[in-house]
Amino acid sequence: MKSIVTIQHTQSVHHGTNNIGSWTDWELSEFGRNQAENIGRRLAEELRGKEYKIFSSDLLRARQTAEPLAGYMGVAVMHLQSLREINLGEAVGKTKEWASANTTPGWSRDSYDIPEFAGAETWREFWKRVSDVQADMLTRDEHNIILVSHGITLNAWYHLWIGSEFGVVDYNGLAGGVSFYQVDDHGNRTVIRLNDASYMV
């Protein structure tokens with residue numbers, strides 16, 4: 001049996017500035033830091049007595065979300081670039097208005113092999129990256145794993161977990177949402193709880 005907990009990073013500065021998140025190294029807002037502290041304290045208490053390995057995106061807002069939990073649990077965090085959200089290339093650090101005006105000609109939401117912006121990952125490349133991360137986590141020796149990442153990455157994670165066919169998918173997650181997944185010794189996968197917001201308050 002393997003248990004995997006995923007945490008979407010809490011409120012970031014860019015959530016209030018109309019800027020693109022992507023690979024820009026935004027930090028958490030003060031409110032987001034309080035959310036992360038609450039998640040850390042409450043989730044650590046719930047998971048007390050079990051050994052967990054924590055993996056986080058190496059982007060600052062995810063690292064800052066993971067830090068309080070790691071402190072309460074007394075474990076180190078392993079930072080992985082593979083847990084970043086989709087790379088939007090030239091749009092990184094730009095405003096959403098800039099992005100709307102500079103999308104690659106001919107790109108559409110279903111353009112799986114066309115990058116939305118110059119230098120960006122395609123959706124197929126991004127999906128493959130998250131698929132590889134999920135495969136790695138499922139084959140690791142650890143039975144209990146926590147992943148701290150980004151909304152669109154956990155979007156892809158969820159759809160890969162339930163066996164969705166490849167394609168651009170919608171996600172109704174929220175900053176600070178905590179989800180619980182489980183796979184038994186026969187490979188049967190279960191979503192125990194999705195986007196629980198109660199840990200933040």
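Positions are given from 1 along the sequence. Everything numeric here is computed off the predicted structure, so don't read it as measured data.
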Side chain Thr65, main chain Ala36, donor-acceptor under 3.5 Å
no
Short question: side chain of Thr24, backbone of Trp26 - any donor-acceptor pair under 3.5 Å?
no
Taking the side chain as every heavy atom from C-beta outward, state whether Phe126 and Arg129 have any atom pair closer than 4.5 Å.
yes
Exactly one of Arg63, Arg33, Arg61 clears salt bridge (Lys or Arg N to Asp or Glu O under 4.0 Å) with Glu27, and that residue is Arg33
Say whether, by atom type as modelled, one donor and one acceptor occur between the side chain of Trp23 and the main chain of Glu85 under 3.5 angstrom.
yes
To the nearest 0.5 angstrom, please state how far the CH2 atom of Trp161 sits from the CG atom of Leu138.
5.0 Å
Any donor and acceptor pair, going by atom type alone, linking the side chain of Arg189 with main-chain N or O of Val183 inside 3.5 Å?
no
Are there over 12 heavy-atom neighbours, none belonging to Glu30, within less than 6.0 Å of that residue's CD?
no
What do you reckon, is OH of Tyr72 surrounded by more than 12 foreign heavy atoms closer than 6.0 Å?
yes
Side chain proximity check, Asn38 to Thr10, heavy atoms < 4.5 angstrom
no
Verify whether one side chain among Ser198 and Asp196 offers a donor that lies under 3.5 Å from an acceptor in the other.
yes
Validation row: His150, Leu59 side chains within 4.5 angstrom (heavy atoms)
yes
Report yes if the side chains of Val5 and Glu46 come closer than 4.5 Å at any heavy-atom pair, otherwise no.
no
Whether His9 and His15 hold their rings parallel, tilted or perpendicular, with breakpoints at 30° and 60°
parallel
For the backbone of Pro115 and the side chain of Thr104, can you confirm whether one donor and one acceptor N or O come within less than 3.5 Å of each other?
yes
State yes or no: do Ile114 and Leu88 share one hydrophobic cluster built from I, L, V, M, F, W and Y residues joined by side-chain heavy-atom distances below 4.5 Å, directly or via other members?
no
Could you tell me whether the side chain of Asn188 and the main chain of Asp184 form a donor-acceptor pair under 3.5 Å?
no
With a 3.5 Å distance limit and no angle check, can you tell me whether Ser82 reaches the backbone of Val133 through a side-chain donor-acceptor pair?
no
Parallel, tilted or perpendicular for Trp127 and Trp123, by the 30°/60° rule?
tilted
Nearest heavy atoms of Ile20 and Lys96, plus distance in Å
CD1-CG, 4.0 Å
Indicate yes or no for a side-chain donor-acceptor contact from Lys2 to the backbone of Arg140 under 3.5 Å, with no hydrogens or angles considered.
yes
Is there a donor-acceptor pair under 3.5 Å between the side chain of Thr17 and the backbone N or O of His14?
yes
Do Val148 and Val75 sit in the same hydrophobic cluster, where Ile, Leu, Val, Met, Phe, Trp and Tyr count as joined when their side-chain heavy atoms come under 4.5 Å apart?
yes
Both conditions, 6.0 Å and 45 degrees, for the charged tip of Arg193 above the ring of Phe180: are they met here?
yes
Ring-plane angle category for Tyr158 and Tyr181, please: parallel below 30°, perpendicular beyond 60°, tilted otherwise.
tilted
Check whether any side-chain N or O of Gln64 sits under 3.5 Å from a backbone N or O of Leu28 as a donor-acceptor pair, and report yes or no.
yes
Could you tell me whether the side chain of Asn87 reaches within less than 4.5 Å of the side chain of Phe117, counting heavy atoms only?
no
